[in-house]
S.K.: 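Here it is, the structure in full.
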Amino acid sequence: MPKKYWLMKSEPNEFSFDDLKLEPDSRAHWDGVRNYQARNFMRNEMKKGDLVLFYHSNCDPPGVVGIAEVAKEAYPDHTAWDPKDKHFDPKTTKDNPVWFMVEVKWKKAFKRFVSLHELKETRELKDMKVVQRGQRLSVQPVTRKEFDKVCKMGSK
DNA sequence: GCCAACGTTGGC
DNA sequence: GCCAACGTTGGC
């Protein structure tokens with residue numbers, strides 16, 4: 001099974017790429033996803049070793065800051081069962097978890113931040129979901145070509 | 001802070 | 001099963 005490529009969004013004031021680096025072993029579970037499409041990508045398709053463009057959203061400016069790697073495949077997101085958690089979902093139980101998360105590991109910071117603005121101006125990246133108007137999916141697949149192109153932009 | 005776009009909910 | 005109302009996302 002060939003490696004897949006992803007883009008994952010995080011709000012840097014909630015959890016930034018640097019925060020990930022500072023976690024023990026530079027890895028963390030990606031809790032709080034409450035969107036079925038994003039869940040399906042994580043639960044059904046993300047494999048250990050897949051590479052992730054780490055994207056900072058809802059900040060100025062938004063864009064890709066570096067690369068992470070899937071360190072553990074999907075398992076139930078326990079924060080959905082915690083009434084005190086921001087992402088508590090009373091519909092879910094341990095027998096019927098509904099929401100899942102993966103673990104990601106910090107891999108490499110870009111030499112240079114690649115802004116959303118730049119992504120939008122790059123012809124080869126015009127089909128990326130993140131540049132589409134109104135696209136809100138927080139976990140999205142990217143093609144290998146797109147992944148490589150963004151990395152290239154971030155490495156010089 | 002605004003608001004367009006989107007996903008979800010719930011009445012019918 | 002439709003769709004209006006609502007809440008959220010996230011760029012600007």
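Proteins come first, then strands; the chains are lettered A, B, ... in the order of their sequence lines, and each starts at number 1.
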S.K.: Mark yes when over 12 heavy atoms from residues, nucleotides or ligands other than A:His87 sit less than 6.0 Å from its NE2; otherwise mark no.
M.R.: yes
S.K.: If you check every side-chain atom of A:Asn35, which of C:dG10, B:dG7, B:dA5 has the closest atom?
M.R.: B:dG7
S.K.: Can you tell me if NZ on A:Lys105 sees more than 12 non-hydrogen neighbours from other groups inside 6.0 Å?
M.R.: yes
S.K.: Specify the separation, in whole Å, of atom OH of A:Tyr36 and atom P of B:dT8.
M.R.: 7 Å
S.K.: Of all the nucleotides listed (B:dG7, C:dG11, B:dA4), which has the minimum atom distance to the side chain of A:Lys120?
M.R.: C:dG11
S.K.: I need the CD-C1' distance between A:Gln132 and B:dA5, as an integer number of Å.
M.R.: 13 Å
S.K.: Does the cation-pi check pass for A:Lys3 over A:Tyr5, that is, NZ or CZ under 6.0 Å from the six-membered ring centre and within 45° of its axis?
M.R.: no
S.K.: Measure from CD on A:Gln135 to C1' on C:dC12 and round the result to the nearest Å.
M.R.: 17 Å
S.K.: Write down the distance between CG (A:Leu7) and P (C:dG10), rounded to a whole number of angstrom.
M.R.: 11 Å
S.K.: Without decimals, in angstroms, what is the distance between A:Arg34 CZ and C:dG7 C1'?
M.R.: 16 Å
S.K.: Please report the distance, rounded to the nearest Å, between CZ in A:Arg133 and P in C:dG10.
M.R.: 15 Å
S.K.: Output the rounded distance in Å from CZ (A:Arg136) to C1' (C:dC12).
M.R.: 16 Å
S.K.: Roughly how many Å is it from CD in A:Gln140 to P in B:dG7, rounded to a whole number?
M.R.: 12 Å
S.K.: Quick one: is C:dG11 close enough that its OP1 or OP2 comes under 4.0 Å of any side-chain N or O from A:Tyr55?
M.R.: yes
S.K.: Heavy atom of residues 90-97 of chain A under 4.0 Å from DNA chain B: which residues?
M.R.: A:Lys91
S.K.: For the rings on A:Trp99 and A:Tyr36, is their centre-to-centre separation under 6.0 Å?
M.R.: yes
S.K.: Just by distance, do the side chain of A:Asp77 and the backbone of A:Gly32 share a donor-acceptor pair under 3.5 Å?
M.R.: yes
S.K.: Could you go through the salt bridge (charged side-chain N to carboxylate O under 4.0 Å, His left out) check for A:Asp148 and A:Arg144 one step at a time?
M.R.: CA-CA 6 Å; A:Asp148 288 346; A:Arg144 180 181 179 148; 3.4 Å; yes
S.K.: Which residue, A:Arg39, A:Met46, A:Gln37, forms the side-chain contact (heavy atoms from CB on, under 4.5 Å) with A:Val139?
M.R.: A:Met46
S.K.: Any side-chain N or O of A:Lys9 below 4.0 angstrom from OP1/OP2 of C:dT9?
M.R.: no
